[in-house]
> 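Below are the structure tokens for one structure; questions will follow.
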Amino acid sequence: MTEAWRPEDDEPRGASGPVRVRVPAKINLHLGVGPLRGDGYHELNTVYHAISIHDELTARRGDTLTLTMEGEGTGELALDESNLVIRAARALASSVGVPPHARLHLRKQIPLAGGLAGGSADAAAALVACDALWGTGLSRDELAEIAAGLGSDVPFLIHGGTALGTGRGEAVSPVLARPTIWHWVVAVADGGLSTPVAYRELDRLRAAGAAGPPLGSTDTLLAALRQRDPRVLAAALGNDLQDAALALRPSLAATLKAGEAAGALAGIVSGSGPTCVFLATGAADAERIATELDALDVCRQARTAHGPVAGARIG
Ligand code: C5P
């Protein structure tokens, strides 16, 4: 049995050196959007998938709570109390009763407002990093519970992998498929799209009878994952928010078309967009498609990624 920490101990709990956490971006292999609920959220039926584009958060001991950053979105992203990283650190501190003191530094590769849950990823990283820094020792499920109060996607980014999301997306259960590595091309757009605006646009399209039929159950997608054949998975990918993203950003139609013309098995808008993701048959195929997309004027940058990968982890 390990000895319990006592407040009178000289040594503070937790890490004395910096804690570095890597956290992935997410895409949705299936994003089924149900009706608008009374609380302003939509009921979701989704399959989350964590991919190998990572942000990195470093937490050091400090006398106050501060956040600095470098990389994607520097100069655009507010680093004040509105930032999800700061809100996550404060939520953890108040739930366990420790002072919210840390110097946090974020290195961002996940684009802002891109439909890849970058802000949610950073919140998940802050929970894992501060838990280690402060020695609060919460389980992943306990961290996921705090995460749910910060945003619908945050619990998934604590867990990672491939997982089913229900409720408003915060109720996550892992998909237990034999491990298969899927290869993706991620076409990052210029500028972002607002998630609430995309959901509102879907409501508007549906009310006008201008949206496609809702995707419904995740059964086909889950069966496709078990078959481990990228062609089968390609046919099962779907996103109810895609019509809304295309209505708000019509140029995405050309991006999707270009990826498929370059030989991708399928392309979909990621989450609420504007990032588009394409499934490739393998790593070399993904590299070739990304190079081809980069040579065209259909996205800011095409990157390759694979999934599933782990959620927010130290190291
Ligand atoms: O949960 P999160 O803060 O990330 O959600 C941002 C916004 O996206 C919500 O305020 C809501 O407008 C929309 N949303 C939704 N239904 C969901 C998740 C998000 O309508 N299931």
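Heavy atoms only: backbone and side chains are in, while hydrogens, waters and symmetry mates are out. Both ligands and their constituent atoms are indexed starting at 1 by order of listing.
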> List, by chain and then residue number, the residues other than L205 in its hydrophobic cluster (Ile/Leu/Val/Met/Phe/Trp/Tyr, side-chain heavy atoms under 4.5 Å); write none if there are no others.
none
> Answer yes or no: is there an ion pair linking E81 with R87, defined by an N-O contact shorter than 4.0 Å?
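Not counted as a salt bridge, because no side-chain N and carboxylate O are separated by less than 4.0 Å.
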> Can you tell me if R249 has over 12 outside heavy atoms packed within less than 6.0 Å of its CZ?
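Count over threshold, so yes.
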> Run the salt bridge (Lys or Arg N to Asp or Glu O under 4.0 Å) test against D122 and tell me which residues pass, sequence neighbours left out.
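Partners of D122 by the salt bridge (Lys or Arg N to Asp or Glu O under 4.0 Å) criterion, ordered by chain and then number, come out as K108.
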> Does V154 sit in a hydrophobic cluster with other residues, and if so which ones, taking ILVMFWY side chains as linked at heavy-atom separations under 4.5 Å, directly or through other members?
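When side chains under 4.5 Å apart are linked, the cluster holding V154 also contains V19, V21, L84, L92, V96, V98, L127, V128, L133, W134, L138, L143, I146, L150, I158, I314.
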> Between R103 and T66, do the side chains contain a donor N or O and an acceptor N or O under 3.5 Å apart?
no
> Which protein residues have a heavy atom closer than 4.0 Å to any atom of ligand 1, listed by chain and number?
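Under the 4.0 Å cut-off, ligand 1 touches G40, Y41, H42, L44, G151, S152, R168, T195, P196, Y199.
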